[in-house]
2 protein chains.
Amino acid sequence: MDIFSNITKEDLERMIKCMNGRRIKYKKNGIILSSFQNTDIIGIICSGSADLIRIDYNGNKAVIESLKEGNVFESNMFNMDNNELSIIALEQSEVLFLEYKNIINRCGNNCSCHNQFIDNLFKIVISKLNNNYKRIHLLTQKTIREKLLEYFKFLANQENSKRIRLPMNYTALAEYLSVDRSALMRELKYLKEDRVIAVLDNRYILLNTF
Amino acid sequence: MDIFSNITKEDLERMIKCMNGRRIKYKKNGIILSSFQNTDIIGIICSGSADLIRIDYNGNKAVIESLKEGNVFESNMFNMDNNELSIIALEQSEVLFLEYKNIINRCGNNCSCHNQFIDNLFKIVISKLNNNYKRIHLLTQKTIREKLLEYFKFLANQENSKRIRLPMNYTALAEYLSVDRSALMRELKYLKEDRVIAVLDNRYILLNTF
DNA sequence: ACAAACAAGTTGCAATTGCAACACAATACT
DNA sequence: AGTATTGTGTTGCAATTGCAACTTGTTTGT
């Protein structure tokens, strides 16, 4: 899902001007956005990567969203609660900022590319929403076994096959499911012993139930 | 957050026509939308209430979102995965359907109310996203105690007071945090014993830490 | 006003899980 | 090529949690 899909290069350049676009470079650990600024903007990671993090009342940092090249963030979210949200560059990165009000209230030209842009943006946000619902579904499963099986079934459904490939390593999966890594490994072992799954080489898993 | 805020009644009526609006009444348990239909629409609950539910591979129903009067749902989400999502009326309800394509590609009139509508819609979706991130933050806490305290701190921050009012009952809270209700009650008791919180009459709680 | 339905509160016990502390394999770094 | 870092896999043990089975309040409906 690309924010610029179905938009020609010429239209794009014109539109970026129209939306008061500014490209800014950040060093590693640079603060791309924090709750203190409260401008409504849309940001696009042109190169590099960044994390959207929440700093909670105890000072703990939690990664809410990982942003990679081409990904989009919406600053509107920042003013919602008194939550301290920040976006931090993980490496040397370039970000394109667009003004929210110029996205919503388009210029007089009524260019169709602008509609396409809003369509893309809306679909990106909806897809984020959907990812969240999925994760919530997994997190609300009672046992690690259930979390794993539901996750595997998501993948199997997506790939339309009993043979699935994990898109992340076990350490990351444990974090995603919010369980202890060693406990996850143990449960995987039990699942193998019970012949519910078979782990093939590398990161491939075969589901015996579907 | 109202989808029609800052839009006059006259503009509204015009716009609804423009977006091919259709009002449909449903009986209790009526299917407002299911994954099988794949039209891109925005739905608004005019009266009554409904649940957005996921039916998983075992046939278990999980409520993803509770929709009340004035709330909005986006059917775009339905075509994302092979997930079986449905919206079911919980009581006699009326729903206004608007065509997504007519929302994005506006009519020639270039009316400002249309921009306002897109602004409202976008902010609603962003606020849903934000609610999800909050819930994920709570669900990823390791212990019931941490879940409760983070939840209380959200509320205290929102109300800017150590004295908070729970917006739901304990049964609903246990479900929201995905923990056993009796275990939640037990943890509340421990929190009281440890003087971390004090439970006032009804549903008011006083936080001793902040 | 009464019953029925729902919510709060309690507790023993067993199952699940997190934690700590490892060994070992794979990858990345210089 | 050798070292440092990161990921995998294992296990004992203690802490947390879910479950079951209750009792006691509190609402709601007729």
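For the numbers below, each heavy atom of this structure counts, side chains included, while hydrogens, waters and symmetry mates do not. In the text below, chain A, chain B and the rest are named by the order of the sequence lines, each starting its count at 1.
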- Starting from the 5' end of DNA chain C, give me the residue, B/K192 or A/S178, whose nearest nucleotide shows up first. B/K192
- Query: Reckon B/T171 has a side-chain N or O less than 4.0 Å from the OP1 or OP2 of C/dA8?
  - Reply: yes
- Interatomic distance, B/M185 CE vs D/dT17 C1' [rounded to whole Å]: 16 Å
- Note on the structure: Closest to the 5' end of DNA chain D, once A/R186 and A/R203 are matched to their nearest nucleotides, is A/R203
- Considering only heavy side-chain atoms of B/D180, the closest of C/dA20, C/dT17, D/dC19 is D/dC19
- Task: Answer with yes or no whether the side chains of B/T8 and B/D11 bring together a donor and an acceptor at under 3.5 Å.
- Result: yes
- Item | Polar side chain donor-acceptor pair, A/E91 to A/S49, under 3.5 angstrom | yes
- Message: Looking only at the side chains, is there a donor atom on one of A/Y133 and B/E65 sitting less than 3.5 Å from an acceptor on the other?
- Response: yes
- For A/L149 and C/dT16, give me the distance from atom CG to atom P, rounded to whole Å. 14 Å
- Task: Measure from the side-chain heavy atoms of A/N169 and tell me the nearest of C/dT17, D/dG7, D/dG9.
- Result: D/dG7
- Does OP1 or OP2 of C/dT17 have a side-chain N or O of A/K142 closer than 4.0 Å? no
- Task: Using a cut-off of strictly less than 4.0 Å, decide whether A/K189 has a side-chain nitrogen or oxygen near OP1 or OP2 of D/dT11.
- Result: yes
- Query: Could you state the CG-P distance from B/D194 to D/dT16, rounded to the nearest angstrom?
  - Reply: 11 Å
- Task: To the nearest Å, give me how far apart CG (B/L188) and P (C/dT11) are.
- Result: 14 Å
- D/dT10, D/dG9, C/dA8: which one has an atom nearest the side-chain heavy atoms of B/Y170? C/dA8
- For the pair made of CD in A/Q141 and P in D/dT17, what is the distance, rounded to whole Å? 18 Å
- Item | A/E74 side chain to A/Y100 side chain, donor-acceptor N/O pair below 3.5 angstrom | no
